[in-house]
Amino acid sequence: AVTRRLCILKGIYPHEPKHKKKVNKGSTAARTFYLLKDIKFLLHEPIVNKFREYKVFVRKLRKAYGKSEWSTVDRLKDNKPSYKLDHIVKERYPTFVDALRDLDDALSMCFLFSTFPRSGKCHVQTIQLCRRLAVEFLNYVIASRSLRKVFLSIKGIYYQAEVLGQPVTWITPYAFAHDHPTDVDYRVMATFTEFYTTLLGFVNFRLYQSLNLLYPPKIDGQADVELKPAEGKEYAMDSESYLEKLSALSASLARAVAPTHEDEVEMDEFPVEGETAEQLDARKKEQEALEKHKKLFEGLRFFLNREVPREPLAFIIRCFGGQVSWDKSLCIGATYDVSDPSITHQIVDRPRVERQVVGRYYLQPQWVFDSVNAKLCLPVADYFPGVLLPPHLSPFVTEQEGDYVPPEKLKLLAMQRGENPDEESEEEEEEEEEEEEEDDNDKEEEEEDESEKEEEMKLKKLEEQKTQSSKALPVKVTAGKVRLEDKQRLEQEQQSEEKRLAIMMMKKREKYLYKKIMFGKKRKVREANKLAAKRKAHDTAVKEEKKKSKKARRA
Amino acid sequence: LQDIRNTVGNIPMEWYQDFPHIGYNLDGKKIYKPIRNKDELDMFLEKMENPDYWRTVQDKMTGADIKLTDEQVDLVHRLQKGQFGDVHFDPYEPAVDFFTHEVMIHPVTNRPADKRSFIPSLIEKEKVSKLVHAIKMGWIKPRKPKDDTPTYYDLWAHEDPNSILGRHKMHVPAPKMKLPGHEESYNPPPEYLLSEEEKLAWEQQEPAERKLNFVPQQYQCLRAVPAYSRFIHERFERCLDLYLCPRQRKMRVNVDPEDLIPKLPKPRDLQPFPTTQALVYRGHTSLVRCLSVSPSGQWLVSGSDDCTVRFWEVCTARCMKTLPVGGVVKSVAWNPNATICLVAICVEQSVLLVNPCLGDKLLYGATDQLLESYVAPEEERVQPVQWVTATMEEHSKGVRLVVQHSKAVKQVTWHGKGDYFASVVSDNSNMQVLIHQTSKRWSQNPFRKSKGLVQCVLFHPIRPYFFVATQRYVRVYNLLKQELTKKLMTNCKWVSSMAIHPGGDNIICGSYDSKLAWFDLDLSTRPYQLLRHHKKALRSVAFHKHYPLFASGSDDGTVIVCHGMVYNDLLQNPLLVPVKVLKGHVLTLDLGVLDVLFHPTQPWVFSSGADGTVRLYT
């Protein structure tokens, strides 16, 4: 167990030997192999001694308990050996960028542990520490406005932030009680968390420093004063209320050095060698787009209803410069009331809203997420309460050529390019529907026509028969058909045949590889086609239903 | 009363199981076991009849049955209930204090109190004053409340590139978690939702095999989304991956599949070769097994399972003549000598030499004359076969000579000069291959020993070599020296057919395991190239006389024409390029093309199929 903990803390992983049979003494059974070098490296770790001390401590404590020597127990407990992982963090991540690259798992784990109940599964202190670190990180992301993508999955909410140029992705579970599985070894998770909390603490410190923020974070003075009188009575413990206030995410943080509007100074341009003007231009454009994205919700005032998940929404809105508030009884940190006339958007997740205030949009929470992913404020009409929502797409998928692209994504891409396909398509749809209606009418008319036509045809046939009998020539000359030779197609066919013949001449091994590659490609295409076909079937079904309901309404 | 106390002590009584006695009494005499000869029935009867059976116990020490008295039974009952053994013992009698709790007027001891109980202790005073002094001097401090919140500082303040361990360069960072796709959304596009069948298939798969570790679901609004039950599991699995999975840097070969295709000359540059189906020769009612074309290229003969041989005009696909032969035709061969008009036909046990009487009258008349000019030798020689002149009736049909074998004949093939021909008999003995001379009506058996089941034989076009293909090998014999010159390993399981390049240095072998082996006789006895074009067994292969072409027909119904250029320069290896796949034959009875043949002068190829047709591709 000690080795396991050491391996986790020091980041030692097994290796796959080159000759498995040789190493495994002839057997091919599955075993894990560590490098001897790695294990020797573990032996030199000073923390091993601390582990031993701890073992001794536990033994002594047990003995004291057994003898009911309570003063000894107290003394031992006071001198409980503790260890620090600072040097291991530094050793595993010699540069700060290394640490940022490995932050994904640390964040996910901390967010998970911070949602655990404070009983049983692990130490309360760990949970509190995780919560604190997670909140600190969220505050940093807000302060630096580095959130880029969010995604509502069925597993939880994914966030992606760009921290100092490194994409950091983490997932938070939905805020429900966990049903703790029995087949999970919490000790392993606790060991990981132990390391991750240390790592995250140092990373947070460094990140706050990079923004000239105080660490541990302090809420900005003015905001603090505003908050004070309201909660002074309700919250007895100062230390607790501090974290709560911080986790409300509504107040900005105090800076060590007063901001001197340096941000607005234009970035100096350092043309990199070998970079053409176009590339420079593209980069500039990208930069501008990024700045615009960062100020997506600037100037908007949001109000969160009590049924929507407060923390993620508040976090996202604040990350993009919006102002947010909620019901005072929901959580501390509410800055304005529902009745505030300056509210522009109210996030609502109920089928209908009874009393609507004029001058603000009532929207479902998905609008916020979709807008962030689309990098623009989407039209609000699709997201009104009670409306069937458009599909929520993953921002992490970048379609390559040949992949299946859902039509919603195409629409979105067009919108990002500045076109407005939405109206057109809607108009088209309407037109189509009208046409269809016309068609229906036509059909009925046609049916009438047809009966007339049939009679005419019969007459014609009779006439023809008469003429033929008069001619009485059994030999018939049918006009030859002109065969259209599509040159392009012919060429294509020829080329494909050449290819087929060349494939015949491949060597066995190459043929195998080729077939494998082609199989993979074909499977991809097949999957894409399958999705497209499914979509088509679904669309037609929906359309038909619409038509039926329309007809039913008309009838 | 006798005291029969056992003196063995507290030992397991099983030790005495096998002895007649059970121990020793006080006098040291053996105590014998009481005679027990009760069987089950007796026991049962006693149980039923003896009213005291229930209070009878066996004494283990003496082996005797003891009837318990009433008091003893009572004692047992009381002990079972958890009561005291003694009837008269009262566990609840009132306790009497040893010392009374009431204060008596007289003390127990009358000793006066010590003085030290009135004055403060000096030793304690000293101790206290020491502590007070220590506190005053600041030596003793109250315990600091322990602060176990971790402190953080700028760990990376001094990033020293020299302090990075060497092993860090070897470190393989763990791959990041896969980012979620559209299907993981709480409200995915409808095409990503699983249909009923897909869901069923998903459930039946092993959890490790599943492509997605969740079922995509659609929720109308965010408030309806439940917690994901496997969230902790997934985190845990990630942890396990991080510390238990071996990591490895794998170089992924990024091969463009187009690069793997060998660069071959374009078929267009290798023309002429047959490309399209030109004519279909219809008439046979059963599968057409064999084909042969006249050396002039004007006539075609085909033998079929419907017991007929048909003669066709090549250019018009007209059936000139139908010869019923009364048996399945296994092989036909037109005499390659242009001055002789003669066809050898294998029918069951005989080889018919037929003059088809087609074409130039002079020519076929001369052939008849040649055959009639035979003078039988004076002395009758012993021959393995019988040469019989055709009867009048047969003669009118065109049959001139009948060579009667002892067993069924499989194949017949002519020597290039047109005088000799070889026949293969389906037999196991050394009589499998026979060589016949037409002009002398003389046959001989060239082999003394059988080397396996002979599949086909072939004469070398120029030199006096003779090729014999058995199941797995092709043997090359020198007919003049009468010796084996070469043995070619085909690397196939079962050779079906064989053809020789007109130059005589290259051989192709088709096999039933759908391989075509090209041998360069100068190069090696192993195939120069093994072609696996066909999907099914090869039935027949053929070379063109002039053009660098060869063709193979297979059970998959296709004829593949390849360009096979042989260079005069010995150092240059032959160039083999497949140029055309010809389709046309319909699969019947799982058989496709049975025979292929090239036109002797034109780049045309004939093929006969199991569908009863012969096709010409030009």
Side-chain angles (χ1 to χ4, degrees), chain A residues 7-8 13-16 32 86 89-90 94-96 104-105 108-109 112 151-156 158 169 173-174 176 178 181 184 188-189 192 201-202 205-206 209 307 349 364-366 389 391-394 396-397 406 408 498 501-506 510 513-514 517-518 531 534-535 538, chain B residues 143 146 148 150 152-156 159 163-165 167-168 173 176-177 179-182 184-192 214 217 221-223 225-229 231-236 238-240 242-248 255 257 260-262 264 266-267 533 577-579 581:
Chain A
C7 283
I8 291 172
Y13 45 84
H15 280 259
E16 193 74 11
T32 45
D86 306 7
V89 172
K90 176 82 197 222
T95 60
F96 184 55
D104 290 14
D105 290 313
S108 300
M109 200 63 138
L112 172 64
F151 178 51
L152 288 168
S153 129
I154 52 173
K155 294 183 181 175
Y158 286 88
T169 318
Y174 287 115
F176 293 104
H178 298 280
V184 163
V188 171
M189 300 240 284
F192 268 103
F202 286 115
F205 186 92
R206 175 83 180 221
Q209 211 185 32
E307 71 272 7
D349 197 3
Q364 296 207 39
Q366 196 189 321
L389 289 168
H392 181 58
L393 297 174
S394 165
F396 301 112
V397 181
E408 287 84 8
E498 271 172 28
L501 291 171
I503 287 168
M504 275 182 180
M505 285 304 285
M506 269 171 150
E510 281 176 357
L513 185 62
Y514 180 81
I517 294 172
M518 291 320 266
L531 284 177
K534 248 171 144 183
R535 176 68 184 219
H538 178 263
Chain B
R143 273 212 193 96
K146 229 181 174 182
D148 52 351
Y152 299 113
Y153 51 93
D154 194 355
L155 192 66
W156 292 279
E159 279 181 7
S163 66
I164 298 175
L165 291 179
R167 68 195 319 283
H168 199 264
K176 295 199 169 186
M177 289 274 274
L179 289 172
H182 296 314
E184 211 182 303
S185 165
Y186 86 102
N187 182 15
E191 62 269 30
Y192 286 99
F214 57 92
Q217 304 233 304
C221 50
L222 190 59
R223 117 184 138 255
V225 183
Y228 183 59
S229 59
F231 194 92
I232 297 178
H233 268 120
E234 274 182 14
R235 276 290 112 207
F236 178 61
R238 172 70 178 169
C239 287
L240 289 187
L242 282 177
Y243 93 100
L244 281 182
C245 273
R247 295 185 202 164
Q248 223 173 5
V255 187
L260 288 173
I261 298 174
L264 294 175
K266 283 199 172 172
H533 298 163
V577 184
V579 287
V581 180

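First the proteins, then the strands, lettered A, B, ... as listed; each starts at 1. Keep in mind that what you see is a predicted model, and the values were worked out from it rather than measured.
- Between A:V184 and B:H233, the closest side-chain pair of non-hydrogen atoms falls below 4.5 Å.
- Between the side chain of B:H182 and the main chain of A:S394, a donor-acceptor pair closer than 3.5 Å is present.
- With a 4.5 Å cut-off on side-chain heavy atoms, A:D105 and B:R238 count as touching.
- For B:P188, the part lying near chain A is the backbone, with the side chain staying farther off; criterion is any non-hydrogen pair under 4.5 Å.
- Among A:M109, A:E408, A:Q209, the residue making the largest number of heavy-atom pairs under 4.5 Å with chain B is A:Q209.
- The candidate from A:S108, A:P365, A:G156 with the greatest count of non-hydrogen atom pairs under 4.5 Å with chain B is A:S108.
- Residue B:F236 touches chain A through both its backbone and its side chain, counting heavy-atom pairs closer than 4.5 Å.
- The closest side-chain heavy-atom distance from B:Y192 to A:P406 is below 4.5 Å.
- When the candidates B:V577, B:L244, B:V581 are compared by the number of heavy-atom contacts under 4.5 Å with chain A, B:L244 comes out ahead.
- The line from CG of A:L393 to CG of B:N187 is 9.0 Å long, rounded to the nearest 0.5 Å.
- At a threshold of 4.5 Å between non-hydrogen side-chain atoms, the residues B:E184 and A:Y158 count as touching.
- For A:D104, the part sitting under 4.5 Å from any heavy atom of chain B is the side chain, from C-beta outward, and nothing else.
- Only the side chain of A:T32 comes within contact range of chain B, with heavy atoms under 4.5 Å apart.
- Two residues are said to be in side-chain contact when any heavy atoms from C-beta on lie closer than 4.5 Å; B:Y153 and A:D86 meet this criterion.
- Within the 4.5 Å cutoff, the side chain of B:S185 has heavy atoms near those of the A:F151 side chain.
- The CG atom of B:D154 lies 8.5 Å from the CZ atom of A:F96; values are rounded to the nearest 0.5 Å.
- For A:E16, the parts lying under 4.5 angstrom from a heavy atom of chain B are both the backbone and the side chain.
- Using a 4.5 Å cut-off between heavy atoms, B:V579 contacts chain A through its backbone alone, with no side-chain atom that close.
- Ranked by heavy-atom pairs under 4.5 Å with chain A, the first of B:E191, B:R235, B:H533 is B:E191.
- For the residue pair A:I154 and B:Q217, the shortest heavy atom distance occurs at CG2-O, 4.2 Å.
- When each of B:P180, B:C221, B:G181, B:A227 is scored by its heavy-atom pairs under 4.5 Å with chain A, the top score falls to B:P180.
- Residue contact with chain B, scored on non-hydrogen atoms closer than 4.5 Å, involves the side chain of A:V188 exclusively.
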- Assess whether side-chain contact (heavy atoms from CB on, under 4.5 Å) is satisfied between A:L389 and B:Y186, documenting all intermediate values. CA-CA 11 Å; A:L389 289 168; B:Y186 86 102; 3.7 Å; yes

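- Heavy-atom distances place the side chain of A:I517, and not its backbone, under 4.5 Å from chain B.
- In this structure, the side chains of A:F202 and B:W156 come closer than 4.5 Å at one or more pairs of heavy atoms.
- Between chain B and the options A:Y13, A:F192, A:Y514, A:F396, the largest number of non-hydrogen pairs under 4.5 Å is found for A:Y13.
- Interface remark: of the candidates A:Q366, A:H15, A:E510, A:Q366 forms the most heavy-atom pairs closer than 4.5 Å to chain B.
- Ranked by heavy-atom pairs under 4.5 Å with chain B, the list A:P391, A:P181, A:P14 is led by A:P14.
- Between atom OH of residue B:Y243 and atom CD1 of residue A:I8 there is a gap of 5.0 Å, rounded to the nearest 0.5 Å.
- Put simply, the side chain of B:V225 does not reach to within 4.5 Å of the side chain of A:F176, judged on heavy atoms.
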